[in-house]
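To find a chain, count down the sequence lines: A is the first, B the second, and so on, and within it residues start at 1.
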Protein chains: 2
Amino acid sequence: MDDKATVVELNHESRLQSEDHQSIRLWLRLLTCTNMIEQRLRARLRQEFATTLPRFDFMAQLDRSPDGLTMGELSQRMMVSGGNVSGIANQLSGEGLIDRTQVPDNRRTLCVTLTDKGRKRFADMAAAHERWVVEMLGDLSPADHRQIMMHLTQLKRGVTALET
Amino acid sequence: MDDKATVVELNHESRLQSEDHQSIRLWLRLLTCTNMIEQRLRARLRQEFATTLPRFDFMAQLDRSPDGLTMGELSQRMMVSGGNVSGIANQLSGEGLIDRTQVPDNRRTLCVTLTDKGRKRFADMAAAHERWVVEMLGDLSPADHRQIMMHLTQLKRGVTALET
DNA sequence: GTCCAACATTTTAAATTTAAAGTATCAAAG
DNA sequence: CTTTGATACTTTAAATTTAAAATGTTGGAC
């Protein structure tokens with residue numbers, strides 16, 4: 001439907017109108033970058049470790065917290081719904097990668113930890129994952145990194161500040 | 001599970017280890033920002049227009065291309081699988097918001113356009129959507145906008161450059 | 001002690017999403 | 001003309017995801 005005299009990348013930003021607000025441009029650029037990286041990571045995790053991004057994320061959060069996390073904490077940190085976390089936990093538990101134990105002083109709460117097997121499994125994936133991310137973002141100089149981080153901090157602060 | 005002497009935001013970045021590579025930090029920051037914005041937009045589209053982000057995205061791409069887009073083009077631009085686009089197209093077509101017409105010189109190809117109803121419906125949503133995005137990102141000065149865009153351009157270029 | 005609202009989690013149903021297989025069409029080679 | 005491989009799209013099955021309802025638990029208020 002489009003004449004292409006020049007090669008054009010097609011992605012979220014293709015929907016931009018000339019009169020669109022600068023903020024819309026920034027948002028679509030952000031979305032495009034994130035989606036591009038996410039898709040690559042997803043594909044590689046599937047190809048090389050037969051796992052998914054949310055499962056990896058789940059284990060990464062636990063690896064970071066050796067004392068364990070509750071289901072609610074996992075839900076917050078992974079930024080997904082509670083039901084979602086329940087489902088992933090069932091899988092990982094079934095594969096012996098995590099333990100769920102009752103917390104003595106609150107019978108509503110579960111404490112989730114990586115098993116030894118889970119910790120080992122994650123270590124392999126984490127090393128590869130880091131290589132992939134560095135490969136994708138490593139072009140940027142340390143100074144650029146700092147600058148983008150600063151800007152995204154500001155952006156994040158602005159969004160967080162809004163109520164609801 | 002965590003003592004919180006200070007208020008800590010919980011999100012993807014919570015999984016960061018002290019020794020993690022700068023690129024991982026940047027990636028998780030990017031993911032957190034995108035998810036935060038995406039969740040807010042998703043919730044508002046549902047509350048105020050009883051629709052979803054992918055449906056909005058679909059219509060936005062079409063609004064941008066008055067001559068229509070093929071299913072394949074939509075798939076590329078929305079950065080989702082072809083089957084996904086088929087499903088959304090069925091919905092929107094059922095609601096009379098889009099038309100799918102055969103292209104005369106290629107019977108495999110469908111050309112998708114917004115109906116008048118679809119165009120009107122989208123105009124309302126787009127106005128609100130722009131307000132929301134500006135509300136979230138508007139804190140940044142025009143100079144900041146330019147800088148972040150520049151950096152994300154570079155980041156995008158780096159990721160695109162990788163094969164596969 | 002008894003309610004009652006809040007909380008932590010799971011379950012449910014519906015929608016979304018994906019990868020892969022399937023269908024139909026095309027274009028080009030022989 | 002026929003075959004072949006590529007293309008455009010849809011269908012399928014499985015997994016993911018979400019919002020909302022359901023379950024069980026807690027900690028006051030009274």
**OP:** Would you indicate what Val85(B) reaches in the nucleic acid, counting non-hydrogen atoms under 4.0 angstrom: base, sugar-phosphate, or nothing?
**Re:** nothing
Subject >> Salt bridge Arg55(B)-Glu95(B), side-chain N to carboxylate O under 4.0 Å >> reply: yes
Original post:
Taking for each residue the nucleotide of DNA chain D bearing the nearest heavy atom, is the 5' side occupied by Gly82(B) or by Ala43(B)?
Top reply: Gly82(B)
Original post:
Does Arg107(A) have a side-chain nitrogen or oxygen under 4.0 Å from the phosphate oxygens OP1 or OP2 of dT26(D)?
Top reply: yes
Subject >> Whole angstrom value for the distance that separates C1' of dT11(C) from CD1 of Ile88(A) >> reply: 16 Å
Subject >> Partners passing side-chain contact (heavy atoms from CB on, under 4.5 Å) against Asp57(A) (at least two apart in sequence or in another chain) >> reply: Gln61(A), Met78(A), His12(B), Arg15(B)
Original post:
Quick one: Leu53(B) CG to dA15(C) P, roughly how many Å, whole number?
Top reply: 17 Å
**OP:** Report which part of the nucleic acid Thr52(B) touches: base, sugar-phosphate, or nothing (heavy-atom distance under 4.0 Å, all strands).
**Re:** sugar-phosphate
Subject >> Whole angstrom value for the distance that separates C1' of dC9(D) from CZ of Phe58(B) >> reply: 13 Å
Original post:
Which value, rounded to the nearest 0.5 Å, describes the distance between Ile148(A) atom CD1 and Arg29(B) atom CZ?
Top reply: 11.5 Å
**OP:** Verify the distance criterion only: is there a donor paired with an acceptor across the side chains of Asp144(A) and Gln154(B) at less than 3.5 Å?
**Re:** yes
Original post:
Mind checking what makes side-chain contact (heavy atoms from CB on, under 4.5 Å) contact with Arg108(A), not counting sequence neighbours?
Top reply: Asn106(A)
Subject >> Contact under 4.0 Å: Gln91(B) side-chain N or O vs dT16(C) OP1/OP2 >> reply: yes
Write out a two-atom table: protein N or O, nucleotide N or O from nucleotides 2-8 of chain D, distance below 3.5 Å.
from   : atom 1 : to        : atom 2 : distance (Å)
dT7(D) : O2     : Arg108(B) : NH1    : 2.5

**OP:** Could you say whether Arg46(A) or Arg100(A) is positioned toward the 5' end of DNA chain C, judged by the nucleotide with the nearest heavy atom to each?
**Re:** Arg100(A)
**OP:** Could you pull out all residues at least two apart from Arg121(A) that satisfy salt bridge (charged side-chain N to carboxylate O under 4.0 Å, His left out)?
**Re:** none
Original post:
Starting at CD of Glu38(A) and ending at C1' of dT16(D), how long is that distance when rounded to a whole Å?
Top reply: 13 Å
Original post:
Starting at CE of Met79(A) and ending at C1' of dT18(D), how long is that distance when rounded to a whole Å?
Top reply: 15 Å
**OP:** Write down the distance between CD (Gln102(A)) and C1' (dT26(D)), rounded to a whole number of angstrom.
**Re:** 14 Å
Original post:
Listed by chain and number, what are the side-chain contact (heavy atoms from CB on, under 4.5 Å) partners of Thr115(A), not counting sequence neighbours?
Top reply: Asp99(A), Lys117(A)
Original post:
Starting at the 5' end of DNA chain C, which residue's closest nucleotide do you reach first, Arg42(A) or Gly83(A)?
Top reply: Gly83(A)
Original post:
Of all the choices, dT18(C), dT18(D), dT9(C), which nucleotide is nearest to the side chain of Ser81(A) once you look at every atom?
Top reply: dT18(D)
Subject >> Euclidean distance, atom CG of residue Leu45(B) to atom P of dT18(D) [Å, nearest integer] >> reply: 15 Å
Subject >> N or O in side chain of Asn84(A) less than 4.0 angstrom from dT16(D) OP1/OP2 >> reply: no
**OP:** Scan Gln39(A) against the nucleic acid and name what it touches under 4.0 Å (heavy atoms): base, sugar-phosphate only, or nothing.
**Re:** nothing
**OP:** Using the closest heavy atom to pick a nucleotide of DNA chain D for each, name whichever of Asp105(A) or Arg55(A) lands nearer the 5' end.
**Re:** Arg55(A)
Subject >> Value in whole Å for how far the C1' atom of dT16(C) lies from CG of Asn90(B) >> reply: 14 Å
Original post:
Which residues satisfy the side-chain contact (heavy atoms from CB on, under 4.5 Å) test with Arg107(B), sequence neighbours excluded?
Top reply: Gln102(B)
